[in-house]
J.: 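Right, I'll just put the structure down here and ask away after.
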Amino acid sequence: MEKMKRTATCGELSARDEGRDVILNGWVHRNRDHGGVHFINLRDRYGITQVVFDDTCDPDLKERAASLKMEYCVAVRGTVSKRPDSMINKDMATGEIEIAAKELVILTTCETLPFMIDGDSEANETLRLKYRYLDLRREKMQKHIALRHKVSFAVREHFEGLGFYDIETPTLIKSTPEGARDFLVPARMQPGKFFALPQSPQLYKQILMVSGFDKYFQIAHCYRDEDLRGDRQFEFTQVDFEMSFVSKEDIFKVVEDQMVHVFKKTLNKDIVPTFPRITYHDAMNTYGSDKPDLRIGMEFIDFAPLVPKADFGVFKAALESGGTVKAMVVPGAAPEYSRKKISELEETAKTYGAKGLAWMKVTADGLDGGIAKFFAPLTEEVKSLTGAKENDLILFMASDWKTACTSLGAVRSRLGKDLKLADPEDYRFAWVYDFPLFEWNEDEEKWDPAHHMFSMPQYEYLDSMEENPGEVKGDLYDLVINGYELASGSIRIHDPEIQKRIFSIVGFPEEEAEERFGFLLEAFRYGAPPHGGLAYGLDRLVMLMCGEDSLKEVIAFPRNNTGSNPMDDSPAPVDKIQLDELGIQFIPRETEEK
RNA sequence: GGAGGCGUAGCGAAGCUGGUUAUCGCGCCGGCCUGUCAAGCCGGAGAUCGCGGGUUCGAUCCCCGUCGCUUCCGCCA
């Protein structure tokens, strides 16, 4: 076998190599037996090369070639030969040449495949995950995994250039309340006690700041025990960093430069190095989302000024109860959007709590359809306020501010997809900032941290934050791109006194704070530097760069949405012996009677 | 926890308003073929129509239930 070890890969050979005797190792990608002459496309990570078996081969070799099936793993020795002009395959990177086979070793055979590696249609997801090793052989997945590697490398390269240290933090840590549910790991040596898997390296990286490692980064595995989605997995990868003696401007700069570097190095794409900044309120108010897709346009218009002039009760009622009326113009959509299609949009709005979706169309004669009749006398005013032109569709949402914004925002993103308003090659980053630090929890009638409890209130609220917590803005920020939240970060609290006040506002008992993260508070008493940082989702970034909308397409071994992995069948029951050793007893969940 | 969608050979799909032998493409098996490159041609095997129940003379199709997957809401940075 040793003598059939590869001397070239399937992606590298060209006319320059003519006459070379090479050994290729790879998989039979396609198999075309013409009787007299037999071609195989041999594939490895680097590409595909055609191998020819013809009359110049000895009969024994030809016979062995005839037995090849798809995805056999083989070694081929042969001579690189230039194809005659008429047989050059321009669609193939190595299409100028082929290998005239001299020797063939079948390294391993392959059973009938559960799905085609080279198919034009994809198998269903469960099957793809069950046979992930085969799925990963597909060209698309090979490209995704390669890009992911390149991104991850470019990230490290960039941090290294800036003098950051890569420091690992533990993944068996103390469970902390708030935020997402923790994955728990029983501690065998201390029965009744548990570790948690980290949701982020947050506390540890802050402590590293106290230790003086003023520029830290880590490409960290994080865990959250919450329901999965297309863009959410149990375990995921965060590019996490933290710096001391910085303001948010320094952090923005690191991230902006890093994105420029990463996109240049991996996709050879030039990203505009300064990202626009939008306040949380403006993002919600004009795009109906705290992660707006800026490629779409269609900004919301405040329609309140015209409401009192018309006799439309629904809008009036919304304003009278302190709500808002928002309008959104969908350019050129009037002819295409039938009553039925509009009611589909309405359904989208309703899943976000809207009661309905009002609309009208702009025609050559004025306003038409939907609620047009109520505004007919105001045609010109409607047009000038909204900027709508002939053939435009105008959508209206009347509700309390938040519901109006989020539901119309959902309609906006759906229209963006339906009308293909977003250029998939365009990457539009933006910073969203000025988030409220606290939000009111209706159910428990208390203030909750909107982000986490370690974010610094903005300076001007410091003295009076107890008076009106709802008004307090935090020194925290999100990085959004094309409708996805990619990152979030903040300047952290490094003053134990401020930290105590935050705990007290959100009703987090001091003893519990001491119990949960006393170690952090204690660390802060020993000369804690001001610091801040950010973490962004590596999976998410790569997903967007690949033009995918599911993380599963860029993670080698992901889980399905029920949290199982069809390949290894995890999670799975464990032996009673294992449980006994841990002092754990499984109590079946009581079946609820109806 | 809630809403929508899907489940038909190994894979991807079709199957009209319920009707007798459930189609098509890929793959698989056999044969032919000296220039293909998603090779081609001929032949063949392969399906408890997710599962259970109901309506009906008759169900892949209609109804109820159930399981699995999926998208979304809730939840989650």
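Given the structure is predicted, the values throughout are model-derived calculations rather than measurements. Naming: A, B, ... by sequence-line order, numbering from 1 per chain.
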J.: Taking A:D44 for its side chain and A:G26 for its backbone only, find out whether a donor-acceptor pair lies under 3.5 Å.
T.: no
J.: Is a donor on one side and an acceptor on the other found under 3.5 Å between the side chain of A:S490 and the backbone of A:D475?
T.: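 Side chain of A:S490 to backbone of A:D475, a donor-acceptor pair under 3.5 Å: no, none is there.
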J.: Rounded to the Å, how far apart are A:L228 CG and B:A77 C1'?
T.: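 Taking atom C1' of B:A77 as the reference, CG of A:L228 is at 15 Å.
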J.: With sequence neighbours excluded, tell me which residues meet side chain to side chain donor-acceptor pair (under 3.5 Å) with A:Q258.
T.: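 With sequence neighbours excluded, A:Q258 shows a side chain to side chain donor-acceptor pair (under 3.5 Å) to A:H158, A:Y536, given in chain and number order.
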J.: Between A:S338 (side chain only) and A:K341 (backbone N and O only), is there a donor and an acceptor less than 3.5 Å apart?
T.: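 Yes.
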J.: Write down the distance separating the C1' atoms in B:U60 and B:C72, rounded off to the nearest Å.
T.: 29 Å
J.: Work out how far the P atom of B:A39 is from that of B:A3, and round it to whole angstrom.
T.: 47 Å
J.: Taking any strand in view, what nucleotide pairs with B:G65 in a Watson-Crick or G-U wobble way, both distances under 3.5 Å?
T.: B:C51
J.: Determine whether the aromatic ring centres of residues A:F503 and A:F508 are separated by less than 6.0 angstrom.
T.: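 Yes, close enough.
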J.: OP1, OP2 of B:C75 versus side-chain N and O of A:R232: anything below 4.0 Å?
T.: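 Negative; the distance criterion is not met.
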J.: Tell me if the side-chain of A:R414 makes a donor-acceptor pair with the base of B:C72, cut-off 3.5 Å, by modelled atom types.
T.: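 Not at all, since no donor on one side and acceptor on the other fall under 3.5 Å apart.
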J.: With no hydrogens and no angle check, is any side-chain donor or acceptor of A:R181 less than 3.5 Å from a backbone partner on A:D225?
T.: yes
J.: In whole angstrom, what separates A:H451's NE2 from B:C76's P?
T.: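 Taking NE2 of A:H451 and P of B:C76, I get 14 Å after rounding.
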J.: Does the base of B:C76 carry an N or O that pairs as donor and acceptor with the side chain of A:R224 under 3.5 Å?
T.: no
J.: Applying side chain to side chain donor-acceptor pair (under 3.5 Å), name anything that partners A:R232, two or more places apart in sequence or on another chain.
T.: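 Not a single residue meets the side chain to side chain donor-acceptor pair (under 3.5 Å) criterion with A:R232.
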J.: Distances under 3.5 Å only, N/O to N/O: pair up the protein atoms with those of nucleotides 5-10 of chain B.
T.:
{"from": "B:G10", "atom 1": "O2'", "to": "A:P114", "atom 2": "O", "distance (Å)": "3.0"}

J.: Please report the distance separating the C1' of B:U56 from the corresponding atom of B:G18, rounded so that it comes out in whole Å.
T.: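 These two C1' atoms come out 9 Å apart once rounded.
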J.: Tell me: CZ of A:R128 to P of B:U70, nearest whole Å?
T.: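 Roughly 12 Å, once rounded to whole Å.
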J.: Of the residues in residues 535-559 of chain A, which ones touch RNA chain B at a heavy-atom distance under 4.0 Å?
T.: A:K552
J.: Which of the following nucleotides, B:G74, B:C76, B:G27, is nearest to the side chain of A:D227?
T.: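 The closest nucleotide is B:G74.
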J.: Of A:S488 and A:E122, whose closest RNA chain B nucleotide lies nearer the 5' terminus?
T.: A:E122
J.: Please work out if A:A410 contacts a base, only the sugar-phosphate, or nothing of the nucleic acid, heavy-atom cut-off 4.0 Å.
T.: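 Result for A:A410 = nothing.
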J.: Under 3.5 Å for both donor-acceptor distances, Watson-Crick or wobble: does B:A3 have a partner, and if so which one?
T.: B:U71
J.: Check whether any side-chain N or O of A:Q233 sits under 3.5 Å from a backbone N or O of A:K552 as a donor-acceptor pair, and report yes or no.
T.: no
J.: In whole Å, measure the gap between the P atoms of B:C61 and B:G53 for me.
T.: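 It comes out at 14 Å once rounded to the nearest Å.
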J.: Inspect the surroundings of CD in A:E139 and state if more than 12 heavy atoms from other residues, nucleotides or ligands are less than 6.0 Å away.
T.: no
J.: How far apart are the closest heavy atoms of A:L534 and A:A487, and which atoms are they?
T.: CD2-CB, 3.8 Å
J.: Start at the 5' end of RNA chain B and walk down; is the nucleotide closest to A:S564 or to A:T351 reached first?
T.: A:S564
J.: How long is the line joining CD of A:E226 and P of B:C73, in whole Å?
T.: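 The answer, rounded to whole Å, is 14 Å.
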J.: Pick base, sugar-phosphate or nothing for A:D478, based on heavy-atom distances below 4.0 Å to the nucleic acid.
T.: nothing
J.: Give the rounded distance in Å between these two atoms: CG of A:D33 and P of B:C28.
T.: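 In whole Å, B:C28 P lies 13 Å from A:D33 CG.
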J.: Which pairs, protein N/O on one side and nucleotides 35-38 of chain B N/O on the other, fall under 3.5 Å?
T.:
{"from": "B:G35", "atom 1": "N1", "to": "A:E98", "atom 2": "OE2", "distance (Å)": "3.0"}
{"from": "B:G35", "atom 1": "N2", "to": "A:E98", "atom 2": "OE1", "distance (Å)": "2.5"}
{"from": "B:G35", "atom 1": "N2", "to": "A:E98", "atom 2": "OE2", "distance (Å)": "3.1"}
{"from": "B:U36", "atom 1": "O2'", "to": "A:R32", "atom 2": "NE", "distance (Å)": "3.3"}
{"from": "B:U36", "atom 1": "O2'", "to": "A:H34", "atom 2": "NE2", "distance (Å)": "3.3"}
{"from": "B:U36", "atom 1": "O2", "to": "A:R32", "atom 2": "NE", "distance (Å)": "2.7"}
{"from": "B:U36", "atom 1": "O2", "to": "A:R32", "atom 2": "NH2", "distance (Å)": "3.0"}
{"from": "B:U36", "atom 1": "O2", "to": "A:Q50", "atom 2": "OE1", "distance (Å)": "3.3"}
{"from": "B:U36", "atom 1": "N3", "to": "A:Q50", "atom 2": "OE1", "distance (Å)": "2.8"}
{"from": "B:U36", "atom 1": "N3", "to": "A:Q50", "atom 2": "NE2", "distance (Å)": "3.0"}
{"from": "B:U36", "atom 1": "O4", "to": "A:Q50", "atom 2": "NE2", "distance (Å)": "2.8"}
{"from": "B:U36", "atom 1": "O4", "to": "A:R83", "atom 2": "NH1", "distance (Å)": "3.2"}
{"from": "B:C37", "atom 1": "O4'", "to": "A:R32", "atom 2": "NE", "distance (Å)": "3.2"}
{"from": "B:C37", "atom 1": "O2", "to": "A:Q50", "atom 2": "OE1", "distance (Å)": "3.4"}
{"from": "B:C37", "atom 1": "O2", "to": "A:N89", "atom 2": "ND2", "distance (Å)": "3.1"}
{"from": "B:C37", "atom 1": "N3", "to": "A:R83", "atom 2": "NH1", "distance (Å)": "2.8"}
{"from": "B:C37", "atom 1": "N4", "to": "A:M87", "atom 2": "O", "distance (Å)": "2.8"}
{"from": "B:A38", "atom 1": "N1", "to": "A:D120", "atom 2": "OD2", "distance (Å)": "2.9"}

J.: Using the C1' atom in both, what is the distance from B:C64 to B:U55, to the nearest Å?
T.: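 So the two C1' atoms sit 10 Å from each other.
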J.: Can you tell me, in whole Å, how much space there is between the P of B:U21 and that of B:G12?
T.: 28 Å
J.: Return the pairing partner of B:G46 with a 3.5 Å limit on both distances, Watson-Crick or G-U wobble; otherwise return none.
T.: none
J.: Figure out the CG/P separation between A:L534 and B:A77, and round it to whole Å.
T.: 15 Å
J.: Take atom CD of A:E71 and atom P of B:C11, then tell me their distance rounded to the nearest Å.
T.: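 Nearest whole value for this atom pair: 17 Å.
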J.: A:D33 side chain to A:G35 main-chain N or O, any donor-acceptor pair under 3.5 Å?
T.: yes
J.: Give me the distance, rounded to whole Å, that separates B:G54 from B:C11 when you measure between the P atoms they each carry.
T.: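 Straight-line distance between the two P atoms is 30 Å.
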J.: With the criterion being N/O to N/O and under 3.5 Å, what pairs connect the protein with nucleotides 45-48 of chain B, and how long is each?
T.:
none

J.: Does NZ in A:K174 sit with more than 12 non-hydrogen atoms of other residues, nucleotides or ligands closer than 6.0 Å?
T.: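 It does: A:K174 NZ has more than 12 such atoms within range.
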J.: Under a 3.5 Å cut-off for both contacts, is B:C26 paired Watson-Crick or G-U wobble with anything, and if yes, with which nucleotide?
T.: B:G10
J.: Please measure how far the P atom in B:G15 lies from the corresponding atom in B:C62, and state the result in whole Å.
T.: 12 Å
J.: Under 4.0 Å: is that the gap between some side-chain N or O of A:T562 and OP1 or OP2 of B:C69?
T.: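 Yes, such a contact exists.
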J.: Is a side-chain donor or acceptor of A:R428 paired with a backbone partner of A:D293 at a separation under 3.5 angstrom?
T.: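 No, A:R428 side chain to A:D293 backbone: no donor-acceptor pair under 3.5 Å.
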J.: Could you check A:K140, A:K143, A:R540 and say which one makes a salt bridge (charged side-chain N to carboxylate O under 4.0 Å, His left out) with A:E548?
T.: A:K140
J.: Is the CD atom of A:E63 crowded by more than 12 outside heavy atoms at less than 6.0 Å?
T.: no
J.: Report the distance from atom NZ of A:K350 to atom C1' of B:C72, rounded to the nearest whole Å.
T.: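 Roughly 16 Å, once rounded to whole Å.
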J.: More than 12 heavy atoms of other residues, nucleotides or ligands under 6.0 Å from NZ of A:K291: is that the case?
T.: no
J.: With ring pair (Phe, Tyr, Trp, His ring centres under 6.0 Å) as the test, pick out the partner of A:F234 among A:Y223, A:F557, A:F183.
T.: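 Filter result, single survivor: A:F183.
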J.: Given B:U70, B:C76, B:G12, identify the nucleotide with an atom nearest to the side chain of A:E125.
T.: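 Given the options B:U70, B:C76, B:G12, the side chain of A:E125 is closest to B:U70.
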J.: Mind checking if A:G353 touches a base, just sugar-phosphate, or nothing, with heavy atoms under 4.0 Å?
T.: nothing
